[in-house]
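Encoded as structure tokens, the structure appears first; notes follow it.
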Amino acid sequence: MQSDATETPVPSQTSDSLLKRLAGPSTGKAGLAKDQTDINRVIAEASKGSKFYENEKRKDKDLTEKIARILKQRDEVTKGVDMHQVEVGVDQVIAKMEVNRDLSQIIVHVDMDAFYANVELLDNPDLANKKFGVCFMSFSASYEARKHGIRSGMPEYIAKKLCPELVVVPLNMSRYSEMSQKIMGIFRRYDPNMHAASVDEGYLNLTPYCEEHMLTAAECVQQMRDAVQRETSLTVSAGIAPNKLLAKNKPNGQFQLDFDPRSVKAFMHDLSIRKVPGVGRVNERLLESIGIKTCGDIFTHRGTLCLMDKQFGLHFLLQTYLGIASNVVQPGQREERKSVGAERTFTAIDSKEKILKKLEEVAAELEADMEGGGWTGKTVTLKYKLDTYQVFTRAKSFDRWISTKKEHLFSIGKELLLPEFPLKLRLIGLRVTKLRDLRVDADKQPGSIKRQFFDSVDAGPSSPRKRRRSATPDEDEPTLSQDGFEESMPGYLAHEELDPDAPEYSGNSTIKPESSSDGTKPVRQRPPVSAPASTSSSQGTSSHVAYLKPQSSSSSTEPRKRGSSFVSMKGKDRAEEPPDGREMQTCPLCSKIMQVDNRDFNAHIDFCLSKGAIREAQAMASADKSSISLRPTGTHKKVPDKRPSSKQTKR
DNA sequence: ATGCCTGAA
DNA sequence: GACCTTCAGGCAT
């Protein structure tokens, strides 16, 4: 019936990957319609010709080119290599991973079914059997609506296109939060340390509870789900498995994976690589390009992956293939926040006044969040998005804690933004990083290695009052300030110094837009900004075309090509820090969790490091064989140097 | 340190 | 008729 791709369902040939890209991230959810292709076509047509669409097309093209480069590289790397021998080496690594597999923990992932939609249903039974969705910015669709291809995150106008009768219910966030709290409260009876991953999902470790109550995991989870249904009239799905990766990938209802390696591997074998946390649209395509669609395919192509470890991250993928992942569950860390920000989208504008107005609004929002949360920080990042959807960031750091007053944030933002004009923007945002928690009096300082020790001791500082200015500054910051600045009274100082702070830099007074574009650099005023900009502006292209693309990379029209590729995997496969007072240790290399003293832990680390050495030797041997030039820079280091902990463990 | 990208919810 | 927001983390330079 349906035409297949060759018949060009869309007028102009729209590539498969682009269709998929447009379709959005959350394909493959429960209750989807069968004919995805058809739906994708509707989606693509709905936005065809828009700047958004063009931008997606551009990104898709970039990716395609990148894939071509990777394939070429693969051919070079593979040439003349005894692949079998490489595989033998990898197999040894796999064998070692297997040995360390930890199946001792009962990890459960719980997930409320169509949460927003079902809460609405509860409050408004008239909606039953109607196709409806909750919409604010992202979309949460009822099951009825999902059958039409409506997914979360989809813009309303497209949802309507897919299902004209769709009933749109406004978002009622406070209501969902309230329900969420209630539900999480129930979960916490079973694991007080549970991790609430979002309003409607979470992870639990039921090992202790099951043991204490002499329950099987399935019985326990059944009880828990019954309790939720009884007390909230909402239904929850649960996956039971020995780690978080496996627990999350479950069908609806209640699903338990057998806790043995064979079952685990069988389960992983056909699992789409896309289901692995950390593998998104881009990495899915990258992997697909070398023939990997399922986790089982990882094994098939382990030789290539080994030779291209840099691009793909062999270690992580092997763990994934084996179904090995973190089984550590801990509550959301108090305030391990790394950044606070605010951003806003609007219809594109190019008037400088109006843009600055938006910036001011964003600054005000940020002020509220910073003050409300009790934060300050040292660097401010401006983000802007052109009407072409290209995104840029500009940052500036300070050597002291900044004032979180909106005037100050605005002034910093202005300083970063003004040199970029002329611009036509559809979004502007500000973010503060290098945070400092003003509600924690002392101890906790981002750079401090000792933090972990302090934390386990003071956990709940009995001081009920959180004041911004610590009463006893002297005791607070013993020695941490290496630059001799008075960091002891964060909020206070920053505030007071706002003006005086600006003695020799333009800061808040006035920004003095021009003059500096030339060689004269007033200290490191606007470091990265002007450099590339000057080239383009000196060209005189400034007039009309100017705001098509500010520059970002020198000369080339494209923002920047990079070889990065498979990112963010490496950090993810290792388990989180152990909870407070316990002596539970998690190996940063193999993620194994153990209850050991330092000596044993060190021994284990050494063991894991030696595994890394084996892997490295393997890789280097094969690389040598394949001869030259694969490695752009002479860096030979493969994986093993990614841990500072070798230092720590050395005692 | 800065900028860009990817991913997640 | 026009695709969000917030945050984390990795890589390159």
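Atoms considered below: every heavy atom in the structure, side chains included; atoms not considered: hydrogens, waters and symmetry mates. Because the structure is predicted, anything quoted here is derived from the model rather than measured. Here is how names work: the chains are called A, B, and so on, in the same order as the sequence lines, proteins then strands, and each is numbered from 1.
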May I ask you to decide if the ring planes of A/Tyr116 and A/Tyr176 are parallel, tilted or perpendicular, using 30° and 60° as cut-offs?
parallel
Please classify the nucleic acid contact of [X] as base, sugar-phosphate, or nothing, using heavy-atom distances under 4.0 Å.
{"X": "A/Tyr157", "result": "base"}
{"X": "A/Lys338", "result": "sugar-phosphate"}
{"X": "A/Ala46", "result": "nothing"}
{"X": "A/Leu427", "result": "sugar-phosphate"}
{"X": "A/Ser397", "result": "sugar-phosphate"}
{"X": "A/Gly49", "result": "base"}
{"X": "A/Glu56", "result": "nothing"}
{"X": "A/Val362", "result": "nothing"}
{"X": "A/Lys248", "result": "sugar-phosphate"}

Is any side-chain heavy atom of A/Leu234 closer than 4.5 Å to a side-chain heavy atom of A/Val119?
yes
Between atom CG in A/Asp309 and atom P in C/dC11, what is the gap in whole Å?
11 Å
Can you measure A/Met370 atom CE to C/dC7 atom P for me and round it to whole angstrom units?
10 Å
Set of residues satisfying salt bridge (Lys or Arg N to Asp or Glu O under 4.0 Å) with respect to A/Lys248, sequence neighbours excluded
A/Glu201
A/Lys161 to A/Tyr157 six-membered ring, cation-pi geometry met (6.0 Å, 45°):
no
Provide the distance between the two C1' atoms, one in B/dG7 and one in C/dC4, to the nearest whole Å.
15 Å
Contact nearer the 5' end of DNA chain C, comparing A/Arg426 with A/Ser339
A/Arg426
